[in-house]
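Indexing begins at 1, ligand by ligand and atom by atom, following the structure's order.
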Amino acid sequence: MTASKIPQHVAVIMDGNGRWAEQHGLPRIEGHRKGTQAVKRILKAAEDFGVKNITLFAFSVENWNRPKLEVAALMQLLESFLKEQKEQLVKREMRLRVLGRTSELPRSTQKQLRKTEQATQTFNNLTVGLALNYGSRTEVVDAVKAITLDAQEGLLDLNELDYEVFRQYLYTKEMPDPDLIIRTSGECRLSNFLLLQSAYSEIYLSDVLWPDFDKAEFGAALKAYASRERRFGKTAQQLTS
Ligand code: FPP
């Protein structure tokens with residue numbers, strides 16, 4: 001694959017942990033635990049393939065509706081992951097960015113996130129966006145509120161407002177829009193994930209459940225992406241002339 005065909009930003013909807021657990025006769029949380037191992041594998045794969053940005057959908061604003069025990073276990077897994085991986089992220093010069101309404105997360109999770117963000121803020125080998133308590137609609141509402149405040153305070157001239165300015169108010173402001181969105185487990189929807197940013201993203205659906213997703217599957221997604229023709233609203237003829 002030539003370097004120009006490697007997506008700059010891959011975003012992943014990691015789906016299927018629960019079904020994986022069910023298929024193995026295990027409690028759901030074991031699927032999430034196994035899913036955490038897949039996260040580590042895919043970060044390594046992204047690094048190996050030269051992807052510069054990856055965003056992982058780890059917890060949505062809607063996920064609070066899950067059983068309390070599952071939510072608590074997910075937060076616990078996340079904290080352990082951050083504690084355990086902080087050193088690795090620093091060593092491999094990876095930057096962690098959290099995307100979402102973080103102020104609503106448990107205090108201990110917030111603390112661990114802040115520490116990891118601070119420890120990795122100067123790195124750019126691979127930027128890892130962790131979408132946590134994330135929902136596109138909330139993101140847009142938060143952006144509109146911030147824009148309104150800035151306009152009221154004279155920090156923003158609304159006549160100057162276009163998408164380039166608007167995107168500076170999104171949680172993803174420091175990352176390019178995703179070139180490729182991968183969803184695992186055979187589901188075929190975006191589930192309130194990066195709805196604005198995905199306007200021109202290529203979408204790749206894999207039948208593999210997230211805990212089984214590996215470097216070969218990730219490579220297959222990149223290969224499919226490389227074979228796509230991205231037109232951004234132009235005709236095929238315009239692209240070749
Ligand atoms: C979707 O599977 C997955 C989630 C809601 C959580 C994703 C979390 C992880 C992969 C582990 C922790 C994350 C990190 C970054 C360390 P599901 O439970 O909806 O699966 P189902 O549709 O089969 O029930």
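- Q197 and H9 are not linked by any side-chain donor-acceptor pair at a separation below 3.5 angstrom, with hydrogens and angles left out of the test.
- In the vicinity of L130, heavy-atom distances shorter than 4.0 Å reach the ligand 1 atoms 15 (C).
- For ligand 1, the atoms closer than 4.0 angstrom to any heavy atom of N63 are 5 (C).
- Only the side chain of R66 comes within contact range of ligand 1, with a heavy atom under 4.0 Å; no backbone atom does.
- Within the listing of ligand 1, atoms 10 (C) sit less than 4.0 angstrom from a heavy atom of W210.
- Residue D15 has at least one N or O atom closer than 3.5 Å to an N or O atom of ligand 1.
- We find that E30 and R33 are joined by a salt bridge, their nearest charged nitrogen and carboxylate oxygen being less than 4.0 Å apart.
- Side-chain contact, Q37 with R41: no donor N or O sits under 3.5 Å from an acceptor N or O.
- A salt bridge does not link K52 with E47: every distance from a Lys NZ or Arg NE/NH1/NH2 to an Asp or Glu carboxylate oxygen is 4.0 Å or more.
- Of all protein heavy atoms, the one closest to atom 14 (C) of ligand 1 is L78 CD1, 3.7 Å.
- With hydrogens and angles left out, the side-chain atoms of Q8 and D179 include no donor and acceptor closer than 3.5 Å.
- An N or O contact shorter than 3.5 Å links G18 to ligand 1 by distance.
- The closest approach between R28 and ligand 1 falls below 4.0 Å for a heavy atom of the residue.
- At least one N or O atom of N17, backbone or side chain, sits closer than 3.5 Å to an N or O atom of ligand 1.
- With hydrogens and angles left out, the side-chain atoms of R19 and S185 include a donor and acceptor closer than 3.5 Å.
- For atom 3 (C) of ligand 1, the closest non-hydrogen atom of the protein is M14 O, 3.1 Å.
- Close contacts of ligand 1 with T36, meaning ligand atoms under 4.0 Å from a residue heavy atom, involve 11 (C), 12 (C), 16 (C).
- Taking both residues in full, the closest heavy atoms of Y134 and N192 are given as CE2-O, 3.5 Å, listed atom of the first, atom of the second, then distance.
- Residue R19 has at least one N or O atom closer than 3.5 Å to an N or O atom of ligand 1.
- Side-chain contact, D150 with Y169: a donor N or O sits under 3.5 Å from an acceptor N or O.
- Salt-bridge check for R66 with E70: passed, with a basic side-chain N closer than 4.0 Å to an acidic carboxylate O.
- With a 6.0 Å cutoff to the six-membered ring centre and a 45° limit on the axis angle, K215 counts as a cation-pi contact of F49.
- Neither the backbone nor the side chain of L209 comes within contact range of ligand 1; no heavy atom lies under 4.0 Å.
- For ligand 1 and F81, the ligand atoms under 4.0 Å from any heavy atom of the residue are 16 (C).
- Shown in contact with A58 at under 4.0 Å from a heavy atom are these atoms of ligand 1, numbered in order with element: 6 (C), 7 (C), 8 (C).
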